[in-house]
Structures are given as structure tokens and as C-alpha cells.
**Student:** 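Take a look at the following structure, please.
Excluded from the calculations below are hydrogen atoms, water molecules and symmetry mates; all remaining heavy atoms, backbone and side chain alike, are included. Values in this document were obtained by computation on a predicted structure and should not be read as measured data. Per chain, numbering begins at 1; letters A, B, ... match sequence-line order.
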There are 2 protein chains.
Amino acid sequence: MKLESLIVSDSQKVQNGIISKIKELINYKNLEPGDKLPSERMLSERFGVSRGNVREAIQKLEFYGLLKSIPQSGTFVANIGVVAMNGMIDDILRLDSPDFKSLVETRILLELKAVKLASLRRTEEYLKHIKETLDAYEQKVLSGEDAVQEDLLFHLAIAKASGNSTLNTFMLTITPQIIIDFGKYHVCDKNQAVLAIEEHKQIYQAIKAQNPDLAKQKMKEHFNVLYQYCYNSKSV
Amino acid sequence: MKLESLIVSDSQKVQNGIISKIKELINYKNLEPGDKLPSERMLSERFGVSRGNVREAIQKLEFYGLLKSIPQSGTFVANIGVVAMNGMIDDILRLDSPDFKSLVETRILLELKAVKLASLRRTEEYLKHIKETLDAYEQKVLSGEDAVQEDLLFHLAIAKASGNSTLNTFMLTITPQIIIDFGKYHVCDKNQAVLAIEEHKQIYQAIKAQNPDLAKQKMKEHFNVLYQYCYNSKSV
DNA sequence: ATAACCAATCTGGTTAACCAATTTTTTGAA
DNA sequence: TTCAAAAAATTGGTTAACCAGATTGGTTAT
């Protein structure tokens, strides 16, 4: 699954259509966990679409854990009942494109947790990595250059140090979209970049000192501009 | 991106190899944002792999916002500098398979936020949907049947009511894996399922009353068994 | 009657050929 | 010499043919 591209393309629509058809088929045939789906070829013929389209739809459902393809054998309904199957497919079909507000809101949630965990769990190696990204950011800003990338890498380094692989993955997922929107809305200016150097340093020091509450507090302050931008208030 | 399958397959390895090669190429040729990558055919020949493999690798990097393919034109480096590009590709290559602990830890984080947001933002329609899943769960448990699915749908209904599409997507992403692991470790027994009915009702009432703090508190209590399981302590 | 075996068939996965749109090069008239 | 128009080459996307392994049903030897 992708955290879909923001534009709902035509192929997206046909894919959703196929997913709906597969859902109907599972209900109609009363397929239960472990049952085999008709072959890709049969599905493509029955639905009147190409086999590639069917494969894409199956892969998407496989990503969400609803189906399981086994080579040279078939595609099987995962170990999940028809009720949850229906509910989740409906959810998947109605997945909204992520809006900027929800992206930022979620980013803040993830980062505040990540910085706490990083404070508790950081190894010397990860701490060193954070320090490197910190220095790189400072150097870039002080030389007057744009440092959006280095800022990003500092935050990703913290996520990596959190020791939570799921958190890290999610951060990697939303970061590119955040960057794109940041560029679009011109959130960062030079002045803020200079101020952020000190904020970054304080966050780093708190992580180094293994003080999770302080680290979270400093990260919160660092995000104030984002809060303002999205909610027009200092706290949520 | 997928939140990769837990087994690192062979094709996974060759894909990571190709991603590494693409990274080296970008560095070697000093490609900057907007520059065009060599065509898929040239890359497949240069790397000695099939064009399909190259396409997969490109699509993965496209998912993380690092590349952008334009039909009948070419594949381009996204509007992100070489520094962030290198850092993010390294992160992507080193992405760990999500372990159960990090999944649960992240799930709790997401749900506690979701239940607060749902309390604040729930519409009558979403509230009704939550109520439906609540009743379905109760009925299933009281009739002595397994109700893992209905439990899941209750939690997903709350995520949907949070009004945060990114949060909702992430919940959908980790839920299947949680279910699989739950089944594996036999976390839920009949007794807990009955107790959970009351907990669900209290959560629902708090959301209905638009009391975010109470809702979060009740959700926290509901998760106590998970905390115990993962940390051997009642709170984190 | 049963178990072992084998070949025909069916499966998802992979590869190569094809397509339409785009870009680049060529061409020829002004 | 210039520039527009057309043709050739290149692009990512799509489709159809092919592959190796799993399944299945029938057959045969025990």
C-alpha cells in the first residue's frame, strides 16, 4: 500500500473496482480463511480486465494481510474472517488521500514519541549519528545555504535511534510528502532555520542526557511553528 | 512501501541491490533534483538484471518520494537534494522487519491519539458506526464465539472517526500483522474477551460524551494486557 | 484395497514483445 | 540562415507468451 500518490488516477479507479469485485466474490462464494481464490487468469476473464490489473489488486490486498499468494499454488484468503475482511476492504477503498493537516498532526505524534524513546534507548552509535546530522545542519545553515534536507536527516536520525522499527518506517513514509508540502507552502525561512539550530542542539543534549521528558518538551517547542501553521494556536 | 513481508526474500535482496546501484549512479553522475535517470532499459542492461526488477526498484523509490516516473518521458530525481537522497536510501535499505514489540508500541501510540481525536471530532455518523461495531462485538462474545475480528473493527472504527486520514491508514497497515501475531501468541482468551466488552462500552461512552481525556484513559486501561505482555509492567 | 508413481494440467511468477506518447533529429521551404 | 513540420528514435506502460514448480487424477504394482 502504499501511501498512495495524491492524485487518484484512472488505474487507481479500476483497481478499486477489482478489489470491490473480489470482495463480492468472497462474500458470494462464502470463502473462509484458507480457502483458495480463483486463479488470476479466471478472475481477469470474469472481471473483463487484464491479468496485470488483477495482480495489482491482489498485491494490494496482500499488503494489508487479507490475501496470501503462494507460487505455483494459488491465492488464498488470509486467516481473517469474512466480517473483518469486509470491513477492512471498505476502509481500504475509502482511504482518503492524506491531507497536509493530518500529515503534520501524525508527524508530530510520531516524533514526540520517537524522541522520548531515543532518549531512553539511544546507543552511543546512534547518538553519534544524530550528532553528525546536527553538525551538518548547522554548517549548512550558517553558510547561508538551504538546509531542508539536513533538517530532515536530523529528525530521521532520531527516529532511527528510537529503536522502534515501525515508527521509523512510518517516519520515512510521511517525510517526503511533508517536504513537498513544505516547499509548496514555504513554511521555512532563513530566520527560522537559524533559530532551529539552537533547538536542535537542545534536543540533542536532552537525548544525550537520556532525559525523555526534557527531550519531548524541546521537540514540542521546535514544532511550535508547525502547530501555529496548522491550528493557529500554540498547543493542541 | 510497503511494510515489507517479514521474510526477506531473494527478490528482495536483488531489489535492494538495484536500489544501491541507483544510489551509486546518482552520486557518480552527480544528478540533482529534476535530472533524468537513464532509461529502464539502459539500467537493466548496465546492472545485468531484468527490466522488471529495475521497475520494481524505481517504484519503491517513487513510493518514498525520491524518484518520479513520467510516461513516455523518463524517470526523474525528485525535488530533494543528494544529501537527503543518500540518507533516505540508506534508511530504506536498512529498514528492519517490524518486530512484534515495535508494532504493539506503535499501535498503542496511534490508538491513544486516535481515541482523543475521535472524541473531539466524531460526527453523529461515525459515532453510530462505532456503536454498531460495539454491539457486534458484544453479541459475538456473549454467544461464545471468537470475536477477534469484531474487536478489530471496533478499533478501526475509532481510527476512522479520528478525522485523521494518515492515522487511519497507519492503523490499517499494522492491524493485520497484529492479528497474525495475536493468533500466534494466543494473547486473547475468552475471559479477557468478556471483560473487554465493558471496556469497549466505557470507551464508546467517553467518545460520545466528547471527553478526550477520559477516552484516552479508558483506552489505556483496555491496553493494559498488551502493556503487560510486551513490557511486563502496567505502564510505560 | 491401497499405496506409490507418473503424466497432464494448472498455478503464480517472469520475460520479452508490443504500444502510444514524447522527444529528438532530420529535412526542406522560406 | 531560420524555423516549422515531419519522421525517426526513445520513453515508460501494457499485454501476451513462456517458465518452473505444485497439484491433481488416473493407473499400476504390491
**Student:** Per the end-axis method with five pairs at each terminus, what is the bend angle of the helix from C:dA1-D:dT30 to C:dA30-D:dT1, to 10°?
**Tutor:**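 Computed from the C1' atoms at both ends, the axes differ by 20°.
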**Student:** Quick one: do A:R121 and B:E105 make a salt bridge, cutoff under 4.0 Å?
**Tutor:**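 Result for this pair is yes, salt bridge flagged.
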**Student:** Take atom CD of A:E62 and atom C1' of C:dG12, then tell me their distance rounded to the nearest Å.
**Tutor:**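 A:E62 atom CD is separated from C:dG12 atom C1' by 10 Å.
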**Student:** Within the structure shown, what part of the strands sits under 4.0 Å from B:G52 by heavy-atom distance: base, sugar-phosphate, or nothing?
**Tutor:**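 The residue B:G52 makes no contact with any strand.
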**Student:** Verify, without hydrogens or angle tests, whether B:N30 (side chain) and B:I26 (backbone) share a donor-acceptor contact under 3.5 angstrom.
**Tutor:**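 Checked: no pair found.
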**Student:** Could you note down all residue pairs passing salt bridge (charged side-chain N to carboxylate O under 4.0 Å, His left out) where residues 130-149 of chain A supplies at least one of them, sequence neighbours left out?
**Tutor:**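 Counting only pairs at least two positions apart or across chains, the salt bridge (charged side-chain N to carboxylate O under 4.0 Å, His left out) contacts touching residues 130-149 of chain A are A:K131-A:D135, A:E138-A:K201, A:K140-A:E150.
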**Student:** Using heavy atoms to find the nearest nucleotide of DNA chain D for A:R51 and A:Q72 separately, return the residue whose nucleotide is more 5′.
**Tutor:**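 Residue closer to the 5' terminus by nearest nucleotide: A:R51.
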**Student:** Under a 4.0 Å N-O cut-off, is there an ion pair linking B:R107 with B:E111?
**Tutor:**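 B:E111 and B:R107: salt-bridged.
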**Student:** Establish, from distance only, whether the side-chain atoms of A:S162 and A:N168 form a donor-acceptor pair under 3.5 Å.
**Tutor:**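 Not at all, the side chains of A:S162 and A:N168 share no donor-acceptor pair under 3.5 Å.
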**Student:** Calculate the interatomic distance between A:I70 atom CD1 and C:dT11 atom C1'; express it in whole Å.
**Tutor:**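 Value for this atom pair: 11 Å.
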**Student:** Parallel under 30°, tilted from 30 to 60°, perpendicular over 60°: which one fits the rings of B:H200 and B:F154?
**Tutor:**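 It falls in the parallel class, under 30°.
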**Student:** Hey, is the side chain of A:S69 poking within less than 4.0 Å of OP1 or OP2 on C:dG12, counting only N and O atoms?
**Tutor:**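 False: A:S69 side-chain N/O out of range (4.0 Å or more) of C:dG12 OP1/OP2.
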**Student:** Rounding to an integer number of Å, can you tell me how far A:K68 NZ sits from D:dA22 C1'?
**Tutor:**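 After rounding, the gap between these two atoms is 16 Å.
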**Student:** Whether A:S50 contacts D:dT14 is assessed here as follows: a side-chain N or O lying under 4.0 Å from the phosphate OP1 or OP2. Is that the case?
**Tutor:**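 So the side-chain polar atoms of A:S50 never come under 4.0 Å of the phosphate oxygens OP1 or OP2 of D:dT14.
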**Student:** Answer yes or no: does a side-chain N or O of B:S39 lie under 4.0 Å from OP1 or OP2 of D:dT11?
**Tutor:**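 For B:S39, the contact criterion (side-chain N or O under 4.0 Å from OP1 or OP2 of D:dT11) is met.
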**Student:** Please confirm whether any donor atom in the side chain of B:R41 sits under 3.5 Å from an acceptor in the base of D:dG12, or the reverse.
**Tutor:**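 Indeed, a donor on one side and an acceptor on the other fall under 3.5 Å apart.
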**Student:** Calculate the interatomic distance between A:E56 atom CD and C:dG13 atom C1'; express it in whole Å.
**Tutor:**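 Atom-to-atom, A:E56 to C:dG13, this comes out as 15 Å.
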**Student:** Atom CG of A:L67 to atom P of C:dG12: distance rounded to whole Å?
**Tutor:**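 The distance from CG of A:L67 to P of C:dG12 comes to 11 Å, rounded to the nearest Å.
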**Student:** In this structure, how many angstroms lie between the C1' atom of C:dA17 and the CD atom of B:E40, rounded?
**Tutor:**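 Distance check: B:E40 CD to C:dA17 C1' gives 15 Å.
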**Student:** Nearest-Å distance, CD (A:E45) to P (C:dG12)?
**Tutor:**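 Checked: the CD to P distance equals 14 Å.
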**Student:** Pairing donors with acceptors under 3.5 angstrom, does anything connect the side chains of B:S44 and B:N53?
**Tutor:**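 Checked: B:S44/B:N53 side chains show no N/O donor-acceptor pair below 3.5 Å.
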**Student:** Can you check the A:M42 CE to C:dT11 P distance for me, whole Å?
**Tutor:**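 For the pair A:M42 CE and C:dT11 P, the rounded distance is 7 Å.
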**Student:** Hey, is the side chain of B:T75 poking within less than 4.0 Å of OP1 or OP2 on D:dT11, counting only N and O atoms?
**Tutor:**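 The answer is no; no side-chain N or O of B:T75 sits under 4.0 Å from OP1 or OP2.
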